[in-house]
There are 2 protein chains.
Amino acid sequence: MTQLQRRRIPDAAVTRLPVYLQILNNLHATNVLRFSSDELAVLAGVNAAKVRKDLSYLGSYGTRGVGYEVTYLIHQIKRELGLLREWNVVVIGAGNLGCALAKFGGFAPRGFPVVGIVDNDPKKIGQTTGSLTVGDVRNLGKMVRDLNVTIGAITTSTATAQSAVDALIDAGVASILNFAPIVLATPSSVSVRNVDLGVELQILSYYEQMRTEQSESAKTQTKSSTASV
Amino acid sequence: MTQLQRRRIPDAAVTRLPVYLQILNNLHATNVLRFSSDELAVLAGVNAAKVRKDLSYLGSYGTRGVGYEVTYLIHQIKRELGLLREWNVVVIGAGNLGCALAKFGGFAPRGFPVVGIVDNDPKKIGQTTGSLTVGDVRNLGKMVRDLNVTIGAITTSTATAQSAVDALIDAGVASILNFAPIVLATPSSVSVRNVDLGVELQILSYYEQMRTEQSESAKTQTKSSTASV
DNA sequence: CAGACTTTGTGAAATTCTGCACGAAGGCAT
DNA sequence: ATGCCTTCGTGCAGAATTTCACAAAGTCTG
């Protein structure tokens, strides 16, 4: 029972906590003070017991017979996810997507300021996008150190994505958001989250086809699946 | 009892098949004819037994002692995922992201042509983006029927995302790619895939914080578990 | 303050997913 | 053909995740 070390939260629960946080922020914005696991479960589209178990990984912050306090739970989730501080982001690849991310102001207020953008194309280096100037990818190491970067977003072409991630890891960045449609080779100490619309569409295609075939065979069976990233 | 119906593939496997397909397409492009489960496992960053089990859901298409044929497997995965036909996509919300998706030509060649884009803002309706003209969301039903749309991509503001998905479901669309940072309320017969960069960043934040704390404590602790996503 | 009512927190069962281990099935060399 | 080598396909056990079910702990009412 001596649990000085932080409790480890199951991966599956970690992916749901940001969703809960989003919902609680909305509740807070509409002046809701308290919520029950049942209410949150409906809003998040999951089982109520799962909500309670997920929240219990943070500690026992509910009150039996009453529920949870919105603001307090928001704080606890933020604490657990490491959102009480900022994590600086650098974008690699100053193409359409990279520049859009750099210009988009929506990440800084959520704690993920984009503090730099780099490319390997001499024609792009030096151009400005939003409030940032595109740097040379060869100076990535210095940039990471000077600007205290912890997260790298890869928006390069597929062909250069692997060298981009190698450069990031070299520079000491261990959290990567990858937009290139490729599986990156990384040591297991590095976290990678892939965002690939092609993959998402193909997953939808599978379930769509299942439905199509099912309604064509016009019989019993109504099994469906909903998936979230 | 009678198993005329298609084998049901586990959800976890369905999400990996598109990744395998991607890799096999690359192998094909570099004139590789055959591959073993081991080779694909390395490229996909997963266990070889998992690869074999995943592929076995398609049928027994490997040759013992030899491996799998690249082109044949590509075809089988496409068949299973429903990628031998096209699935038409409509974009709801003609903002930055919506227009970018409409203009981006990368989906049509992969079997997901964007055939329409709509908005509810009179100022946007009638404008052209790429080869498409922004339609009125009130005509969504007709558009879905006339253009045989099966997938809807929601790129509206958070505030209008729910009414957008309601309209899609009304129109008979049951596969939804949602970019709005909100959990959509949908019947269980509808498939939803969420793409939310904020959620992804927050997940990365959790594991980054775990690493940070671990390297800071870097003492006395006997139990050290490595976190990898 | 007692009893009815609500909702949490969590063991335990059920389900899903993963990975090992090995028999089966092919190729290849002699 | 025979025997060796490689690699698939899969049964099974263990891990992870989800769900159930209920005691515990609180509120509320009269």
Checklist line | Pairs satisfying side chain to side chain donor-acceptor pair (under 3.5 Å), at least one member in residues 169-185 of chain B, at least two apart | finding: A/Glu208-B/Ser175, A/Arg211-B/Ser175, B/Asn178-B/Asn194

Notebook entry, point to check: Can you pull the side chain to side chain donor-acceptor pair (under 3.5 Å) pairs that have at least one residue in residues 28-37 of chain B, sequence neighbours excluded?
Noted result: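 Only B/Ser37-B/Arg52 qualify under side chain to side chain donor-acceptor pair (under 3.5 Å).
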
Notebook entry, point to check: Measuring from A/Ile23:CD1 to A/Ile74:CD1, what's the distance to the nearest 0.5 Å?
Noted result: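 These two atoms lie 11.5 Å from each other.
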
Notebook entry, point to check: Taking only residues two or more places apart in sequence or in another chain, which ones pass side-chain contact (heavy atoms from CB on, under 4.5 Å) with A/Ile169?
Noted result: A/Val165, A/Ile176, A/Thr186, A/Pro187, A/Val190

Margin query: Please enumerate all residues that pass side-chain contact (heavy atoms from CB on, under 4.5 Å) together with A/Val195, with sequence neighbours excluded.
Written below: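 side-chain contact (heavy atoms from CB on, under 4.5 Å) check on A/Val195 returns A/Leu177, A/Phe179, B/Val195, B/Leu197, B/Glu200.
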
Check: Going by number, which of residues 21-31 of chain B have a non-hydrogen atom under 4.0 Å from DNA chain C?
Finding: none

Next item on the list: Name all pairs fulfilling the salt bridge (Lys or Arg N to Asp or Glu O under 4.0 Å) condition that reach into residues 53-73 of chain A, sequence neighbours left out, sorted by first residue then second.
Entry: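 Of all non-adjacent pairs touching residues 53-73 of chain A, those that pass salt bridge (Lys or Arg N to Asp or Glu O under 4.0 Å) are A/Arg16-A/Asp54.
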
Please state how far atom [atom1] in [X] lies from atom [atom2] in [N], giving the value in whole angstrom units.
X       : N      : atom1 : atom2 : value
A/Leu73 : C/dG9  : CG    : C1'   : 14 Å
B/Glu69 : D/dT7  : CD    : C1'   : 15 Å
B/Leu55 : D/dT10 : CG    : P     : 12 Å
B/Leu58 : D/dC8  : CG    : P     : 14 Å
B/Tyr68 : D/dT7  : OH    : P     : 12 Å
B/Asp11 : D/dT18 : CG    : C1'   : 13 Å
A/Arg8  : D/dA15 : CZ    : P     : 15 Å

Item checked: Residue pair B/Thr212 / B/Tyr207, side-chain heavy-atom distance below 4.5 Å -> no

Considering only distance and modelled atom types, tabulate donor-acceptor pairs under 3.5 Å from the side chains of residues 41-50 of chain B, sequence neighbours left out.
unit_1	atom_1	unit_2	atom_2	d
B/Asn47	OD1	B/Ala49	N	2.6
B/Asn47	OD1	B/Lys50	N	3.4

Dump every N/O contact between nucleotides 18-20 of chain C and the protein below 3.5 Å, one line per pair.
unit_1	atom_1	unit_2	atom_2	d
C/dT18	OP1	B/Arg16	NH1	3.3
C/dT18	OP2	B/Arg16	NH1	3.1
C/dT18	OP2	B/Arg16	NH2	3.0
C/dG19	OP2	B/Lys50	NZ	3.4
C/dG19	O6	B/Lys53	NZ	2.4
C/dC20	OP2	B/Asn47	ND2	3.2

Notebook entry, point to check: Which residue pairs pass the ring pair (Phe, Tyr, Trp, His ring centres under 6.0 Å) test with at least one member in residues 53-74 of chain A, sequence neighbours excluded?
Noted result: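 For residues 53-74 of chain A, and leaving out neighbouring residues, the ring pair (Phe, Tyr, Trp, His ring centres under 6.0 Å) pairs sorted by first residue read A/Phe35-A/Tyr68, A/Tyr61-A/Tyr72.
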
Check: What pairs with A/Ser157 under side chain to side chain donor-acceptor pair (under 3.5 Å), at least two apart in sequence or on another chain?
Finding: A/Thr160

List every contact pair, protein side and nucleotides 23-30 of chain D side both N or O, where the distance is under 3.5 Å.
unit_1	atom_1	unit_2	atom_2	d
D/dA24	N3	A/Arg64	NH1	2.8

Check: For the residue pair A/Gly82 and B/Ser205, what are the closest heavy atoms and their distance?
Finding: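 Here A/Gly82 and B/Ser205 meet closest at O-OG, 3.2 Å.
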
Checklist line | Rounded to 10 degrees, the angle between the two terminal axes of the helix from C/dC1-D/dG30 to C/dT30-D/dA1, each from five pairs | finding: 10°

Next item on the list: Look at B/Arg193 together with B/Asp196 and state whether they make a salt bridge at an N to O cut-off of under 4.0 Å.
Entry: no

Item checked: Modelled atom types, side-chain donor and acceptor of B/Gln22 and B/Asn26, under 3.5 Å ->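 Their side chains do not contain a donor-acceptor pair, so the 3.5 Å distance test is not met.
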
